[in-house]
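Single-structure report; data block below.
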Amino acid sequence: MDNLENIIKSLGEEINESIFVGITGKDGLPVSMYAKESVESALASAEISSIFSIVERSLKNLSLGKAKEFFVLSEGYGVFGAPLIYDCYLFVIAREPINLGKIRIEFKKYLPKIEEMMK
């Protein structure tokens with residue numbers, strides 16, 4: 001049976017434009033990471049968690065329901081994520097051009113596997 005690190009690595013390999021894939025806690029602490037390029041993983045984990053927490057809090061304050069996905073696009077990069085069990089987020093940082101459809105498909109395939117491994 002695969003371990004969590006192998007599943008995260010496999011997800012990163014499936015998304016060609018990804019440079020960093022991981023699971024972070026809502027507290028910003030990294031749970032599992034895979035990097036194709038040099039990335040300061042602790043900082044990335046904390047910042048991604050902060051971004052997603054702000055979005056979730058804003059949706060709640062606006063009575064818009066719970067977030068199912070997150071997508072942030074910057075100059076040259078995109079961050080895609082989704083909430084997981086145990087107050088965690090799954091995310092990918094990708095370099096443009098980004099195939100958002102492919103990322104969504106891979107997330108839908110991998111989310112159940114990852115949550116099962118986390119139980």
Side-chain angles (χ1 to χ4, degrees):
M1 182 177 217
D2 286 330
N3 63 31
L4 196 54
E5 288 75 24
N6 288 340
I7 291 174
I8 294 298
K9 180 179 180 184
S10 179
L11 175 59
E13 298 293 327
E14 290 289 332
I15 301 170
N16 294 334
E17 59 268 43
S18 72
I19 62 168
F20 188 56
V21 179
I23 298 172
T24 183
K26 289 187 179 183
D27 57 6
L29 296 175
V31 175
S32 181
M33 306 289 158
Y34 170 69
K36 290 182 184 175
E37 297 181 12
S38 179
V39 175
E40 192 173 332
S41 61
L43 176 62
S45 181
E47 293 298 339
I48 298 287
S49 177
S50 178
I51 292 167
F52 292 168
S53 292
I54 289 167
V55 171
E56 282 192 319
R57 185 173 54 248
S58 297
L59 289 173
K60 181 180 177 184
N61 291 342
L62 293 168
S63 300
L64 296 176
K66 292 186 176 204
K68 298 189 321 186
E69 297 176 341
F70 307 96
F71 184 63
V72 178
L73 188 60
S74 70
E75 294 177 4
Y77 296 90
V79 179
F80 186 83
L84 288 168
I85 60 174
Y86 304 130
D87 291 331
C88 292
Y89 302 110
L90 173 64
F91 68 90
V92 61
I93 299 173
R95 186 181 308 281
E96 287 187 327
I98 298 167
N99 184 340
L100 183 56
K102 168 80 169 160
I103 293 173
R104 281 187 169 139
I105 289 169
E106 294 304 328
F107 263 55
K108 295 210 183 295
K109 287 187 337 193
Y110 278 83
L111 278 166
K113 294 177 190 179
I114 291 167
E115 288 188 332
E116 185 60 35
M117 289 294 300
M118 291 175 71
K119 290 181 182 176

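Numbers for residues simply follow the sequence, beginning at 1.
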Smallest separation among heavy atoms of Lys36 and Asn16, with atom names: NZ-O, 3.3 Å
Interatomic distance, Ile15 atom CD1 to Ile105 atom CD1 [nearest 0.5 angstrom]: 10.5 Å
Leu111 reachable from Val21 in the ILVMFWY side-chain graph, under 4.5 Å edges: yes
Exam field: side chain Ser18 to backbone Gly12, donor-acceptor pair closer than 3.5 Å: yes
pair Glu14-Tyr110: side-chain heavy atoms closer than 4.5 Å: yes
Residue that, paired with Cys88, satisfies side chain to side chain contact (heavy atoms under 4.5 Å, CB included) out of Val31, Asp27, Leu29: Val31
Pairing residues for Ser45 by the side chain to side chain contact (heavy atoms under 4.5 Å, CB included) criterion, not counting sequence neighbours: Thr24, Pro30, Met33
Ring pair (Phe, Tyr, Trp, His ring centres under 6.0 Å) pairs, two or more places apart, involving residues 35-56: Phe52-Phe70, Phe52-Tyr89
Closest contact, heavy atoms only, Pro83 versus Ala67: CG-O, 3.3 Å
Distance-only check: which donor-acceptor pairs under 3.5 Å involve side-chain atoms of residues 58-66, not counting sequence neighbours?
{"residue": "Ser58", "atom": "OG", "partner": "Ile54", "partner atom": "O", "Å": "2.9"}
{"residue": "Asn61", "atom": "ND2", "partner": "Arg57", "partner atom": "O", "Å": "3.4"}

Rounded distance [0.5 Å steps], OG in Ser53 versus NZ in Lys26: 6.5 Å
By side chain to side chain donor-acceptor pair (under 3.5 Å) - contacts of Lys9 (at least two apart): none
Main-chain N/O of Ile19 paired to Glu37 side chain as donor or acceptor, under 3.5 Å: no
For Asn99, all residues meeting side chain to side chain contact (heavy atoms under 4.5 Å, CB included), sequence neighbours excluded: Glu17, Lys102
Spacing of CD1 belonging to Ile7 relative to CG belonging to Leu11, to within rounding of 0.5 Å: 10.0 Å
Residue list, side chain to side chain contact (heavy atoms under 4.5 Å, CB included) with Glu47, at least two apart or on another chain: Leu43
Hydrophobic cluster membership, Leu90 vs Met118, 4.5 Å side-chain cutoff: yes
Set of residues satisfying side chain to side chain donor-acceptor pair (under 3.5 Å) with respect to Ser50, sequence neighbours excluded: none
Within residues 23-46 or reaching into it, pairs that qualify as ring pair (Phe, Tyr, Trp, His ring centres under 6.0 Å) - sequence neighbours excluded: none
Partner set under side chain to side chain donor-acceptor pair (under 3.5 Å) for Lys113, not counting sequence neighbours: none
Listed partners of Glu40 passing salt bridge (charged side-chain N to carboxylate O under 4.0 Å, His left out), at least two apart: none
Co-membership, hydrophobic cluster, residues Phe107 and Val55, 4.5 Å side-chain: no
Non-hydrogen atoms of Glu115 and Ile85 that approach each other most closely: OE2-N, 3.1 Å
Ile8 side chain near Ile114 side chain, heavy-atom distance below 4.5 Å: yes
Contact check, side chains of Leu84 and Ile23, non-hydrogen atoms, under 4.5 Å: yes
For the student: nearest non-hydrogen atoms of Asn3 and Met117, plus distance: CA-CE, 3.4 Å
Validation row: Tyr86, Lys119 side chains within 4.5 angstrom (heavy atoms): yes
Cluster check Phe20, Ile98: I/L/V/M/F/W/Y, side chain < 4.5 angstrom: no
Let me have the donor-acceptor pairs involving side chains of residues 71-82, under 3.5 Å, with sequence neighbours excluded, atom names and distances please.
{"residue": "Ser74", "atom": "OG", "partner": "Tyr77", "partner atom": "O", "Å": "3.4"}
{"residue": "Tyr77", "atom": "OH", "partner": "Arg95", "partner atom": "NH1", "Å": "2.8"}

